[in-house]
Amino acid sequence: MSAPFPLPQELYTPRLRLRRPTLDDVPVVYGYASDPVVTRYLSFRTHRDPSEAVGFVQRADAAWNAESGHRPWMIEERSSGEAVGAIGMDLDGCRANVGYVLRRASWRQGLVPEALAAVADLAFAFPAIWRLHAWHDVENPASGRVMEKVGMVREACLHRYAVLPNVGPEPRDVYMWARVRRG
Ligand SMILES: CC(C)(COP(=O)(O)OP(=O)(O)OC[C@H]1O[C@@H](n2cnc3c(N)ncnc32)[C@H](O)[C@@H]1OP(=O)(O)O)[C@@H](O)C(=O)NCCC(=O)NCCS
């Protein structure tokens, strides 16, 4: 198990509050996680039951309590106080891996790039972290655009890299993106 990386449970950007999930978020999480358009290129199966969203909060609690593993924040709009998605980060050795999801009604307002920029700053505040990366399915370019907006660079196409259960049983080609600290 890697050394713990303590992360703040709350972060603010101009439009957003990022905060640790709670069980009160289950309806919101189930809302986007049960939308097949939202989940198509995600690595978990589209939710069929709210208990799966409870599982998300429980896994988040375990990671936050251990200060290790994939720690998600809910993405909350400061104007309305409404949670609209989630973003998470996993710090391991010299690397940070990120993932994000937004409910469909909130797409195309630049919310995830705003959240990701704050999370990236957080990652590089650790002297041990030299690389922030993430991948997306070749048919999900909107995710690549998010990464481009925060200064990540497309490095490679990784063939047959991951099975995306909502697309099909065969491993998919993905693009790997990264932002690195230059020595
Ligand atoms: C991908 C996602 C995170 C983008 O978040 P967002 O806050 O809407 O991001 P932006 O508003 O900056 O939009 C990013 C780009 O995506 C494209 N895009 C966003 N929504 C789109 C849509 N409905 N149709 C077509 N293109 C779209 C646009 O090209 C946009 O770039 P632009 O601002 O230069 O026009 C969001 O659409 C989402 O949650 N998708 C489902 C989950 C997912 O795929 N997560 C990533 C897995 S790797």
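One-based numbering, in listed order, for ligands and for the atoms of each. Residue numbers run from 1 in the order of the sequence given.
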(Q) Is it the case that over 12 heavy atoms from other parts of the model lie below 6.0 angstrom from the CZ atom of Arg48? (A) no

**Q.** Leu132 side, atom CG; Met147 side, atom CE - distance, nearest 0.5 Å
**A.** 9.5 Å

Q) Is the closest N or O pair between Val146 and ligand 1 shorter than 3.5 Å? A) no

Q.
Would the distance check show the side chain of Asp173 and the main-chain N or O of Arg160 forming a donor-acceptor pair, the cut-off being under 3.5 Å?
A. yes

Q) Does at least one non-hydrogen atom of Trp135 fall below 4.0 angstrom from an atom of ligand 1? A) yes

Q) Is the shortest N/O to N/O distance between Ser143 and ligand 1 below 3.5 Å? A) no

Q. Any cation-pi pair here, Arg181 with Trp130, using under 6.0 Å and within 45°?
A. yes

Q) Can you tell me the protein heavy atom closest to atom 34 (O) of ligand 1 and the distance? A) Arg145 NE, 2.7 Å

Q) So is Val38 polar-close to ligand 1, meaning N/O to N/O under 3.5 Å? A) no

Q. Got an N/O contact under 3.5 Å between Gly110 and ligand 1?
A. yes

Q) Any N or O on Tyr41 sitting closer than 3.5 Å to an N or O of ligand 1? A) no

Q: Could you walk me through whether Arg17 and Glu10 pass salt bridge (Lys or Arg N to Asp or Glu O under 4.0 Å), step by step?
A: CA-CA 7 Å; Arg17 174 183 175 227; Glu10 199 175 46; 2.8 Å; yes

Q.
Below a 4.0 angstrom heavy-atom separation, can you tell me which part of Pro113, side chain or backbone, both or neither, approaches ligand 1?
A. side chain

**Q.** Leu42, Val112, Val84: member with heavy atom nearest to atom 47 (C) of ligand 1
**A.** Leu42

Q) Purely on distance, is any nitrogen or oxygen of Gln109 under 3.5 Å from one on ligand 1? A) yes

(Q) Testing the basics here: between Val38 and Arg104, what is the closest heavy-atom pair and its distance to 0.1 Å? (A) CG2-N, 3.8 Å

Q | Heavy-atom neighbours of Tyr41 OH exceed 12 at 6.0 Å | A | yes

Q. Out of curiosity, Leu164 CG to Asn140 CG, how far, rounded to the nearest 0.5 Å?
A. 9.0 Å

(Q) Using every non-hydrogen atom in the two residues, find where Cys157 and Val138 come nearest and quote the distance to one decimal. (A) SG-CG1, 4.2 Å

Q: Quick one: look up the protein heavy atom nearest atom 20 (N) of ligand 1 and list residue, atom name and how far away it is.
A: Arg108 CG, 3.1 Å

Q | Identity and separation of the nearest protein heavy atom to atom 36 (C) of ligand 1 | A | Trp107 NE1, 3.5 Å

**Q.** Aromatic Tyr175 / basic Arg154 pairing, under 6.0 angstrom, 45° off normal
**A.** yes

Q) Trp64 and Val26: same hydrophobic cluster, using ILVMFWY side-chain contacts below 4.5 Å? A) yes

(Q) Tell me the protein heavy atom at minimum distance from atom 13 (O) of ligand 1, and give that distance in Å. (A) Lys149 NZ, 4.0 Å

Q | Nearest-neighbour protein heavy atom for atom 39 (O) of ligand 1, which is reported as residue plus atom name and distance | A | Leu102 N, 2.8 Å

**Q.** Shortest protein contact, atom 17 (C) of ligand 1 (heavy atom only)
**A.** Ala142 CB, 3.6 Å

Q. What's the shortest distance from atom 44 (O) of ligand 1 to any protein heavy atom, and which residue and atom give it?
A. Asn140 ND2, 2.8 Å

Q) In the protein, what heavy atom is nearest to atom 45 (N) of ligand 1, and what distance, to one decimal place, separates them? A) Tyr100 O, 3.0 Å

Q. Got an N/O contact under 3.5 Å between Ser106 and ligand 1?
A. no

